[in-house]
Student: 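My questions will all concern the structure given below.
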Amino acid sequence: MSPTGNPDIEFRKVTKAFGSFTAVHGIDLAVPAGSFVALLGPSGCGKTTSLRMIGGFEMPTSGEVLVAGRDMAGEPPYRRPVNMVFQHYALFPHMTVAANVAYGLKQQRPRLAASEIKARVGEALEMVRLGALGGRRPHELSGGQQQRVALARALVNKPRVLLLDEPLAALDKKLRTAMQIELQSLQRDLGITFLLVTHDQEEALSMSDLVCVMSEGRIAQLGTPGEIYDHPSTLFVADFVGKTNMLAGEVLSVTDGMAEIRLANGQMTRAKGRDGLKAGSGATVCVRPEALTLGTEPGGPVGTIHNRIFLGPSADYAIDVPGLGQLLAQVPASEAVHGPGADVSVSFDPRKAIAFPT
């Protein structure tokens, strides 16, 4: 199912305070039905608090939280059309896998027939490819299998929205990558809304239809992964999401959205300008490592390669450039012909650089 224009989740001027500390500052957010959305940000940015307000584990200090168009004010977690997968799974160690999955169904009133509970548990376990492991205990499963049990337990109640609180954080990198693919496939097959909380930028960009970047309890930017990465709206987003080179300079002029800038080493360059740039003001030019071009011909600042790190299909170079500091460049492995100690010129396409006021 493709995301629709009708929101499954809405925040309307939502604020959450804990005593004198405000964790979420009057945010507005609409999550389209059937979409996979990531709340991304550093620790303390308000993303987990926002998730907990949707789940009913926290109540907003002010504003409205709506799920499927209904205000959730006063609704306890068990009466909301949502379910949550926690970071540490919270499985009952004394119960079998099947009993863990069935637990929520057995709490429903009026009571479900035993035959229906058994059938739905079987369907949920088959959905996460654990149909043959219903009789095992959680300690007899791998980390990835335990994560899938937690998913089955959340999905067996057929929620409108599935909330995921950093569910892959405890997994190693290879297993985490495999589970990212499984979660994407599961979300597409089920067509329900997934809302993921994570501090992992790669995870958010690779899995989501939309990424909501949060900072200090506010939404810094909401957009597709491509928009967030290629067109960050603030210096914080440019710095936090992915790797970026940040070059200090002074704005000389701004014409048709392009800024002429003198960098700290005296080199002249151009970049796409964000709102607030004006002649005579300071600027920070952000350039992604893959946008840098290395060469031996004049035409850009000259630096000395400090490190070369092979990453399989690509290689990272750390280059010391007088007046600019250490820059990071990423090139295809086939073009990684320069070694540490070599002098190279560094250049970039101005259309791939963004200048923010500082």
Student: Once rounded to the nearest 0.5 Å, what's the spacing between atom CE of Met214 and atom OG of Ser50?
Tutor: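 With rounding to 0.5 Å, CE (Met214) is 4.0 Å from OG (Ser50).
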
Student: Any donor and acceptor pair, going by atom type alone, linking the side chain of Gln108 with main-chain N or O of Gly104 inside 3.5 Å?
Tutor: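 Looks like no, no N/O pair under 3.5 Å.
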
Student: Please answer: with hydrophobic residues joined when any side-chain heavy atoms are less than 4.5 Å apart, are Val197 and Val241 in the same cluster?
Tutor: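 They do not share one cluster, since no chain of ILVMFWY contacts under 4.5 Å joins Val197 to Val241.
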
Student: From Leu186 CG over to Ile192 CD1, what is the distance, rounded to the nearest 0.5 angstrom?
Tutor: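 Going from CG on Leu186 over to CD1 on Ile192, the span is 7.5 Å.
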
Student: Between Leu141 and Arg136, is there a side-chain heavy-atom distance shorter than 4.5 Å?
Tutor: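 SC-SC contact between Arg136 and Leu141 confirmed.
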
Student: Between Tyr317 (side chain) and His338 (backbone), is there a donor-acceptor pair under 3.5 Å?
Tutor: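 Confirmed, Tyr317 side chain pairs with His338 backbone.
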
Student: As a quick check of understanding, evaluate side-chain contact (heavy atoms from CB on, under 4.5 Å) for Asn83 and Leu163, giving each step before the final call.
Tutor: CA-CA 6 Å; Asn83 239 324; Leu163 307 176; over 6 Å; no

Student: Identify the residue among Asp200, Thr177, Leu183, Thr198 that makes a side chain to side chain contact (heavy atoms under 4.5 Å, CB included) with Leu168.
Tutor: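 Testing Leu168 for a side chain to side chain contact (heavy atoms under 4.5 Å, CB included) against Asp200, Thr177, Leu183, Thr198 leaves exactly one candidate, Leu183.
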
Student: Should the pair Lys174-Asp172 be classified as a salt bridge under the 4.0 Å nitrogen-to-oxygen rule?
Tutor: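 So Lys174 does not pair with Asp172 through a salt bridge.
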
Student: Is the backbone N or O of Arg351 less than 3.5 Å from a side-chain atom of Asp349, with the two atoms forming a donor-acceptor pair by type?
Tutor: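 Yes, Asp349 side chain to Arg351 backbone: donor-acceptor pair under 3.5 Å.
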
Student: Should Val302 and Val344 count as side-chain neighbours, where that means a heavy-atom distance under 4.5 Å?
Tutor: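 Side chain of Val302 against side chain of Val344, heavy atoms only: no contact under 4.5 Å found.
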
Student: Applying the 4.5 Å side-chain criterion to the ILVMFWY set and letting contacts propagate, would Val321 and Leu263 be lumped into a single cluster?
Tutor: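 Looking at the clustering, Leu263 is in the same group as Val321.
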
Student: Checking side-chain contact (heavy atoms from CB on, under 4.5 Å) for the pair Leu222/Leu29: CA distance, chi angles, key distance, verdict?
Tutor: CA-CA 9 Å; Leu222 174 68; Leu29 176 65; 4.0 Å; yes

Student: What I'd like to find out is whether the side chain of Glu166 reaches to under 4.5 Å of the side chain of Lys47, using heavy atoms alone.
Tutor: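 Contact flag for Glu166/Lys47 side chains = yes.
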
Student: Looking only at atom types and distance, does a side-chain atom of Asn100 sit under 3.5 Å from a main-chain N or O of Phe92, one as donor and one as acceptor?
Tutor: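 Checking the backbone N and O of Phe92 against the side chain of Asn100, a donor-acceptor pair under 3.5 Å is found.
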
Student: So Gln267 and Arg262, do their side chains get closer than 4.5 Å, heavy atoms only?
Tutor: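 Side-chain contact under 4.5 Å: no.
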
Student: For Val128, is there any backbone N or O sitting under 3.5 Å from a side-chain donor or acceptor partner on Arg148?
Tutor: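 Yes: the side chain of Arg148 pairs with the backbone of Val128.
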
Student: Between Thr96 (side chain) and Ala99 (backbone), is there a donor-acceptor pair under 3.5 Å?
Tutor: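 Here the side-chain-to-backbone pair exists.
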
Student: Does anything in residues 317-346 form a salt bridge (Lys or Arg N to Asp or Glu O under 4.0 Å)? List the pairs, not counting sequence neighbours.
Tutor: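 Not a single pair qualifies under salt bridge (Lys or Arg N to Asp or Glu O under 4.0 Å).
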
Student: Between Glu290 and Lys243, is there a side-chain N and carboxylate O pair less than 4.0 Å apart?
Tutor: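 Result for this pair is no, no salt bridge flagged.
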
Student: Restricting to salt bridge (Lys or Arg N to Asp or Glu O under 4.0 Å), what partner residues turn up for Asp71, sequence neighbours left out?
Tutor: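 Salt bridge (Lys or Arg N to Asp or Glu O under 4.0 Å) check on Asp71 returns nothing, list empty.
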
Student: Is there a side-chain contact between Thr193 and Leu162 (heavy atoms, below 4.5 Å)?
Tutor: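 In short, these two side chains do not touch, never coming nearer than 4.5 Å.
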
Student: Taking the cut-offs as 6.0 angstrom to the six-membered ring centre and 45 degrees off its axis, would you call Lys16 and Phe18 a cation-pi pair?
Tutor: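 Yes.
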
Student: Taking all non-hydrogen atoms of both residues, which atom of Ala353 and which atom of Val287 are closest, and how far apart?
Tutor: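 Reported closest heavy-atom pair: CB-CG2, 3.8 Å.
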
Student: Donor-acceptor check, side chain of Ser206 to backbone of Glu203, threshold 3.5 angstrom: yes or no?
Tutor: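 At least one qualifying donor-acceptor pair exists.
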
Student: Taking all non-hydrogen atoms of both residues, which atom of Ala283 and which atom of Ile261 are closest, and how far apart?
Tutor: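 Answer, listing the atom of Ala283 first, then Ile261: CB-CD1, 4.3 Å.
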
Student: Could you state the interatomic distance from CD (Glu116) to CG (Leu105), rounded to the nearest 0.5 Å?
Tutor: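 The CG atom of Leu105 is 8.0 Å from CD of Glu116, to the nearest 0.5 Å.
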
Student: Take Gln221 and Ser233, measure what side-chain hydrogen bond (donor to acceptor under 3.5 Å, both in side chains) needs, and give me the verdict at the end.
Tutor: CA-CA 7 Å; Gln221 186 173 354; Ser233 61; 3.1 Å; yes

Student: Which atom names give the shortest non-hydrogen contact between Asp230 and Ile354, and what distance separates them?
Tutor: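 For Asp230 versus Ile354, the nearest heavy atoms are O-CD1, 3.6 Å.
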
Student: Hey, is Arg308 close enough to Asp316 for a salt bridge, meaning N to O under 4.0 Å?
Tutor: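 Salt bridge: no.
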
Student: What pairs meet the salt bridge (Lys or Arg N to Asp or Glu O under 4.0 Å) rule with one or both residues in residues 18-35, with sequence neighbours excluded?
Tutor: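 Applying salt bridge (Lys or Arg N to Asp or Glu O under 4.0 Å) to every pair that reaches into residues 18-35, excluding sequence neighbours, yields Lys13-Asp28.
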
Student: I'd like to know if the side chain of Ser281 and the backbone of Lys278 have a donor-acceptor N/O pair within less than 3.5 Å.
Tutor: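 Yes; judged by distance alone, with no hydrogens or angles, the pair exists.
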
Student: Is the shortest heavy-atom distance from the side chain of Gln187 to the side chain of Gln184 under 4.5 Å?
Tutor: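 SC-SC contact between Gln187 and Gln184 ruled out.
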
Student: Salt bridge check, Arg80 against Glu75: does any charged N sit closer than 4.0 Å to a carboxylate O?
Tutor: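 Not counted as a salt bridge, because no side-chain N and carboxylate O are separated by less than 4.0 Å.
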
Student: For Ala329 versus Leu294, what's the shortest heavy-atom pair and its separation?
Tutor: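 Taking every non-hydrogen atom into account, CB-CD2, 4.0 Å.
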
Student: Do Thr234 side-chain atoms and Val237 backbone N/O form a donor-acceptor pair below 3.5 Å?
Tutor: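 Yes; at least one donor-acceptor contact below 3.5 Å.
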
Student: For Lys272, look at atom NZ and say whether over 12 heavy atoms of other residues, nucleotides or ligands are found less than 6.0 Å away.
Tutor: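 Count over threshold, so yes.
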
Student: If you compare all heavy atoms of Ala259 against all heavy atoms of Leu277, which two are closest, and at what distance to 0.1 Å?
Tutor: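 Closest approach of Ala259 to Leu277: CB-CD1, 4.0 Å.
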
Student: Inspect the surroundings of CZ in Phe86 and state if more than 12 heavy atoms from other residues, nucleotides or ligands are less than 6.0 Å away.
Tutor: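 Yes.
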
Student: Same cluster for Val31 and Phe11 if Ile/Leu/Val/Met/Phe/Trp/Tyr side chains link at under 4.5 Å?
Tutor: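 Per the 4.5 Å side-chain linkage, Val31 and Phe11 are co-clustered.
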
Student: Go through it in stages, so that I can follow the logic: the residues are Phe240 and Leu40, the test is side-chain contact (heavy atoms from CB on, under 4.5 Å), and I'd like the CA-CA distance, side-chain angles, deciding distance and then a yes or no.
Tutor: CA-CA 10 Å; Phe240 182 75; Leu40 172 67; 3.7 Å; yes

Student: Do the side chains of Val211 and Phe36 join up, straight or via other hydrophobic residues, at under 4.5 Å, putting them in one cluster?
Tutor: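 Result: no, two separate clusters.
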
Student: Is the positively charged end of Arg288 above the ring of Tyr229, judged by distance under 6.0 angstrom from the centroid and angle within 45° of the axis?
Tutor: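 Here Arg288 passes the 6.0 Å and 45° test against Tyr229.
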
Student: Look up atom CG in Leu151 and atom CE in Met179, then write down how far apart they are to the nearest 0.5 Å.
Tutor: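 Interatomic distance, Leu151 CG to Met179 CE, rounded to 0.5 Å: 6.0 Å.
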
Student: Any side-chain heavy atom of Val37 sitting closer than 4.5 Å to one from Ser208?
Tutor: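 Result no, sub-4.5 Å side-chain heavy-atom pair not found.
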
Student: Backbone N or O of Gly295 within a donor-acceptor pair of the Ser345 side chain at under 3.5 Å?
Tutor: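 Yes: the side chain of Ser345 pairs with the backbone of Gly295.
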
Student: Would Leu328 and Met246 show up in the same hydrophobic cluster when neighbours are defined by side-chain heavy atoms closer than 4.5 Å?
Tutor: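 Result: no, two separate clusters.
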
Student: Return the CG to CZ distance between Leu125 and Arg120, rounded to the nearest 0.5 Å.
Tutor: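 Between Leu125 CG and Arg120 CZ, I get 13.0 Å after rounding to 0.5 Å.
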
Student: Can you tell whether the side chains of Arg12 and Glu10 come within less than 4.0 Å, N to carboxylate O?
Tutor: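 Yes, Arg12 and Glu10 are salt-bridged.
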
Student: To the nearest 0.5 Å, what is the distance between CG (Asp165) and CG (Leu39)?
Tutor: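 One gets 10.0 Å once the value is rounded to the nearest 0.5 Å.
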
Student: Please evaluate residues Asn245 and Gln326 with respect to the criterion side-chain hydrogen bond (donor to acceptor under 3.5 Å, both in side chains), reporting the C-alpha separation (whole Å), side-chain torsions for both, the decisive distance (0.1 Å), and the verdict.
Tutor: CA-CA 9 Å; Asn245 295 291; Gln326 191 168 92; over 6 Å; no

Student: Decide side-chain contact (heavy atoms from CB on, under 4.5 Å) for Gln145 and Ser142; before the verdict, give the C-alpha distance in whole Å, the side-chain angles of both, and the deciding distance to 0.1 Å.
Tutor: CA-CA 5 Å; Gln145 289 171 330; Ser142 67; 3.3 Å; yes

Student: Could you tell me which non-hydrogen atom of Pro138 sits nearest to which non-hydrogen atom of Pro93, and how far apart they are?
Tutor: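 In this case the closest contact between Pro138 and Pro93 is CD-O, 3.9 Å.
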
Student: Between Thr269 and Phe348, is there a side-chain heavy-atom distance shorter than 4.5 Å?
Tutor: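 Result yes, sub-4.5 Å side-chain heavy-atom pair found.
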
